[in-house]
There are 2 protein chains.
Amino acid sequence: MKKNIGRPKAFDEQEALKIAMHYFWEHGYDKSSLSGLLEAMNIKKSSFYQTFKSKEHIFRLSLELYAKMSYEYMQGLKKEMGAKGVLLHIVYETISELRETGKVKGCLLANSSSECFSNHPHFNELISYKFKTFRKLFKELIEEAQNEGEIKNTLPSSTLGSIYQSLINGLVQMIQLGASKEELNAVIKHIEELLT
Amino acid sequence: MKKNIGRPKAFDEQEALKIAMHYFWEHGYDKSSLSGLLEAMNIKKSSFYQTFKSKEHIFRLSLELYAKMSYEYMQGLKKEMGAKGVLLHIVYETISELRETGKVKGCLLANSSSECFSNHPHFNELISYKFKTFRKLFKELIEEAQNEGEIKNTLPSSTLGSIYQSLINGLVQMIQLGASKEELNAVIKHIEELLT
DNA sequence: GATATTTAGTACCAATTGGTACAGAACTAA
DNA sequence: TTAGTTCTGTACCAATTGGTACTAAATATC
């Protein structure tokens, strides 16, 4: 349905969306001002509204893009390091990020959930819907690792998945709350043992 | 140093601060507009600035009040239900809140940490400092419960405390992310077993 | 009662917010 | 070349933000 008629766009739509997503990821929804987004995306207001309709709309697109990219990223990791490897890698990656940058971005969906839960409840449905993908993926990874003997823990994969998620989310929070290296290591060790 | 000279205040300073704290707790820092705060506190702008100096200042006061009130609340609970009882009560209370109100406020310090971590880093120091109180309290409660045989788990109390905290924070996040009752129960059961 | 002191209420401020209107530029198809 | 279409840049908008200035009201001390 694409017509080559009319003045062509001077920017890549997908690329711009990707930039917006990272901007939202770093600043959150409310603190991502339109002017900030425009500057980062390097486009002008009229182009923005023509292409992305509104701030709310591009945020929704960003959430979807994040979910899709993360999913593909983890699937790629799985081929590289196996199911259990992915689950552990996510933990270690978080710590690396902390060591290298001094902070941690966390999960865009989890962050948005905290921010929007009471202030922008109209986003809740999309956020929790998109997050279901992750829950399912974690469960499948654990199941696969159990079947292949990487994980001996016989708890149901769904149970283990929930605990894993809770610990991962909690870990990011603890980092932001200024927990010490020892405190973080305690949690990491607990995760490792859970997945043994 | 209090002089009874001049026009007396028409509102209770402590009471107003308490209201502000609850307002911040429910809306977060950025989404707590001055007008919203004033309406809730039922005072006028000039009184606000005269008494509380600025929005930033009253937020700091709110964080401190929250830490103090929570600490006293938990100390009170301990007398009523013992050390282990407190730790479990916090979990059950969260679930009750979810059942009764359909949502969950979480911990003001943890919420503020998420919100302010990258957007208002000048709050980080105060937040993580105040949170240390909780970390210490959790550790002490666990230690006490271990000494009295309420908890058989022989992991160091500091380790157990970190894991507990991570799980509690993660639990709140999972609620906001729309986790199912079963998924939450999996986490709760895990906490209960950890404290056995 | 006069005066010093403090509080309360209102009007105002510049800056920023997300969003729209419109003129002109750049392209395709005829 | 011209008409039709789409994109870009700028100017503008009302609403809201946190914060200040100033006047009026209420009290204690003298």
Side-chain angles (χ1 to χ4, degrees), chain A residues 1-17 19-21 23-24 26-63 112 115-116 118-123 126, chain B residues 1-17 19-21 23-24 26-63 112 115-116 118-123 126:
Chain A
M1 281 304 166
K2 181 164 109 187
K3 297 173 192 172
N4 279 346
I5 177 173
R7 180 171 171 177
K9 274 205 172 79
F11 63 95
D12 185 327
E13 214 167 302
Q14 277 304 310
E15 207 53 41
L17 174 59
I19 292 173
M21 183 213 90
Y23 198 90
F24 281 126
E26 200 169 332
H27 299 93
Y29 179 70
D30 282 311
K31 277 306 228 180
S32 292
S33 70
L34 212 45
S35 51
L37 281 167
L38 296 179
E39 198 177 345
M41 299 164 81
N42 197 28
I43 62 173
K44 297 290 178 177
K45 218 175 233 190
S46 62
S47 307
F48 178 90
Y49 276 96
Q50 197 148 349
T51 307
F52 300 109
K53 195 175 169 77
S54 71
K55 186 186 170 187
E56 179 170 332
H57 188 69
I58 199 178
F59 182 59
R60 301 190 114 98
L61 294 177
S62 297
L63 292 173
S112 304
E115 182 183 357
C116 302
S118 45
N119 291 327
H120 305 280
H122 50 291
F123 286 130
L126 176 61
Chain B
M1 283 305 163
K2 183 163 107 188
K3 297 173 191 171
N4 279 345
I5 178 174
R7 180 170 171 177
K9 273 205 173 79
F11 65 95
D12 184 327
E13 213 166 304
Q14 277 303 310
E15 207 52 43
L17 175 58
I19 292 173
M21 183 213 89
Y23 198 90
F24 280 126
E26 200 170 333
H27 299 92
Y29 179 69
D30 282 310
K31 277 307 231 181
S32 291
S33 70
L34 212 47
S35 51
L37 280 166
L38 296 178
E39 198 178 344
M41 299 163 82
N42 198 29
I43 63 174
K44 297 290 177 177
K45 218 174 231 190
S46 65
S47 308
F48 178 90
Y49 277 96
Q50 198 146 355
T51 307
F52 299 109
K53 196 174 167 74
S54 70
K55 186 186 169 187
E56 179 169 333
H57 188 69
I58 200 178
F59 183 58
R60 299 190 116 98
L61 294 177
S62 296
L63 291 173
S112 305
E115 182 183 358
C116 302
S118 46
N119 291 327
H120 304 281
H122 50 291
F123 286 130
L126 176 61

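Values in this document were obtained by computation on a predicted structure and should not be read as measured data. Reminder, nothing fancy here: chain letters follow the sequence lines and each chain counts from 1.
- Seen from the ring of A:Y29, A:K55 counts as a face-on cation partner, given the 6.0 Å and 45° thresholds.
- In this structure, A:Q50 places its CD atom 14 Å from C1' of C:dG19, rounding to the nearest Å.
- Protein atom CZ of A:F11 is 13 Å distant from nucleotide atom C1' of D:dG9, rounded to whole Å.
- Rounded to whole Å, atom C1' of D:dG18 lies 12 Å from atom NE2 of B:H120.
- For the pair A:K9 NZ and C:dT28 P, the computed distance is 15 Å after rounding to whole Å.
- Side-chain atoms of A:S35 lie closest to C:dT17 of the nucleotides C:dT17, C:dG19, C:dG9.
- In the set C:dA26, D:dG18, C:dA21, the nucleotide with an atom closest to the side chain of A:S46 is C:dA21.
- What separates OH of B:Y49 from C1' of D:dG19 is a distance of 5 Å, to the nearest Å.
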Legend entry - Under the 3.5 Å Watson-Crick or G-U criterion, the dot-bracket string of DNA chain C, with | for inter-strand pairs: ||||||||||||||||||||||||||||||
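- Residue A:Y29 contributes atom OH, which lies 13 Å from atom P of C:dT17 at whole-angstrom precision.
- Sequence order on DNA chain D of the closest nucleotides to B:L34 and B:P8 puts B:L34 first from the 5' end.
- C:dT6 atom P lies 6 Å from atom CD1 of B:I5, rounded to whole Å.
- Rounded to whole Å, the distance from NZ on A:K55 to C1' on D:dT16 is 13 Å.
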